[in-house]
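Bear in mind the structure is a predicted one, so any value in this text is a computation, not a measurement. Both ligands and their constituent atoms are indexed starting at 1 by order of listing.
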Amino acid sequence: MAASAASCISLLVLVVALAAVASAQLSPTFYDTSCPRAAATIKAAVVAAVRAEPRMGASLVRLHFHDCFVQGCDASILLAGQEQDAPPNKGSVRGYGVIENIKTQVEAICKQTVSCADIVTLAARDSVVALGGPSWTVPLGRRDSLDANVAQANSDLPGPTSSLNDLVTGFMKKNSLSLVDMVALSGAHTLGQAQCQNFRARIYGGDANINAAYATSLKANCPQTGGGDNNLAPLDPTTPNGFDNAYYANLMSQRGLLHSDQVLFNNGTADNTVRNFASSAAAFGSAFASAMIKMGNIEPKTGTQGQIRLVCSKVNS
Ligand code: HEM
């Protein structure tokens, strides 16, 4: 009797321990049996979207970042009219329609199996590859949230006027992303565009550490007064259309577009990492890939948490 009670307890302990491991872990083979064609379907759709509009690759990478930094990588950003309308996202984050379109294609091959959160994560990796960047293996098995968190979108997404200290502290709170991870992830600004309202102060005297010719060239499409808030400039003025390490050489010549870019190279603690990534595309590529995996592992919902949404923009009814 005592022996069978003891073995019952050990079995229970084992089951609880296994459940804890299962809920904490993602796996690259998660859909190998349940939806073997998922990854190829997502990749083909991303390639088509990027071919139609190269900037979409940038937008999908940023969408993943803005998903993960708010209550983890759980597709909370995709729920219509919530985080999307928070100031750090509104009128700026793009790609919702592309993800919804991919979700429709994936639902057609595997009903309610692949989460929107995993689609966003794979789409970010596939975008980087489509634009000439490094590849990496994506751990999978995230589930979708039942809610969004507007307050956290406002507090935890870094803004373009952030100081180096703000960035280091803010990233450290997210799965312990280190200074090197943060500098590597900022290299995503080798892609995409920013609006005049996000760099106007920097080019009109707000920052001393800006290349004068670069500031002058930006002023043409970003007037100091009289509008133009949404006018765009490339985050990487040297090679705006491809994923490479030019972003870091730009910083070394004071051609960071945002204040939050240039703080990475300004006689501070990130300078050596910037120099390293500027001089070695391989060092940047491998640091970027490992930091993207770490960012993708921020507070995933697994096991019985959350749900697999049928449509990414709303929770299941
Ligand atoms: C370090 C802190 C960061 C700050 C303060 C920041 C801020 C910004 C801002 C203000 C924009 C322009 C938005 C607009 O004007 O509409 C932008 C664009 C972008 N960001 Fe960041 N960002 C940061 C880190 C990251 C990270 C970690 C990633 C991805 C790994 C990323 C990827 C992008 C991309 C790809 C774009 C261009 C998007 C497009 O063209 O649609 N950023 N970021």
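- Checked by atom type and distance alone, the side chain of Tyr248 pairs as donor or acceptor with a backbone atom of Val183 at under 3.5 Å.
- Residue Ser92 has at least one heavy-atom neighbour below 4.0 Å for each of these atoms of ligand 1: 13 (C), 14 (C), 16 (O).
- Close approach of ligand 1 to Leu167 is summarised as follows: ligand atoms under 4.0 Å from at least one heavy atom of the residue are 1 (C), 2 (C).
- Aromatic ring orientation, His189 versus Tyr247: perpendicular (interplanar angle above 60°, classes split at 30° and 60°).
- Shortest contact from atom 41 (O) of ligand 1 to any protein heavy atom: Ser59 OG, 2.7 Å.
- Using a 4.5 Å heavy-atom threshold, the side chains of Asp85 and Val150 count as separate.
- Residue-and-atom listing of protein N/O/S atoms under 2.8 Å from atom 21 (Fe) of ligand 1, sorted by chain and number: His189 NE2.
- Contact atoms of ligand 1 toward Gly159: 5 (C) (distance under 4.0 Å to a heavy atom of the residue).
- In this structure, Asp144 contributes its side chain and Cys116 its backbone to a donor-acceptor pair below 3.5 Å.
- Judged by distance alone, the side chain of Ser115 and the main-chain N or O of Arg142 form a donor-acceptor pair under 3.5 Å.
- Annotation: Ser260 places no N or O atom under 3.5 Å from an N or O atom of ligand 1; distance criterion only.
- A donor-acceptor distance shorter than 3.5 angstrom exists from the side chain of Gln71 to the backbone of Asp147, with no hydrogens or angles considered.
- Residue Leu185 touches ligand 1 through backbone and side chain together, judged by heavy-atom distances below 4.0 Å.
- Neither the backbone nor the side chain of His64 comes within contact range of ligand 1; no heavy atom lies under 4.0 Å.
- The number of heavy-atom neighbours closer than 6.0 Å to NZ of Lys314, taken from other residues, nucleotides and ligands shown, is 12 or below.
- Shown are Arg62, His66, Gln84, Glu83; of these, the side chain to side chain donor-acceptor pair (under 3.5 Å) with Asn89 is made only by His66.
- Side chain of Asp126 to backbone of Val46: no donor-acceptor contact under 3.5 angstrom is found.
- When only non-hydrogen protein atoms are considered, atom 40 (O) of ligand 1 lies nearest to Arg55 NE, 2.7 Å.
- Counting only heavy atoms of the protein, atom 35 (C) of ligand 1 lies nearest to Ala58 O, 3.2 Å.
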Residues 287-296 side chain polar contacts: donor-acceptor under 3.5 Å, at least two apart:
residue, atom, partner, partner atom, Å
Ser290, OG, Ser286, O, 3.4
Ser290, OG, Ala287, O, 3.4
Lys294, NZ, Ser176, O, 3.1
Lys294, NZ, Asp181, OD2, 2.8

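- A salt bridge is defined here as a Lys NZ or Arg NE, NH1 or NH2 lying under 4.0 Å from an Asp or Glu carboxylate O, and Arg255 with Asp261 fails to meet this definition.
- Checking only distances, Arg94 never comes within under 3.5 Å of ligand 1, N or O to N or O.
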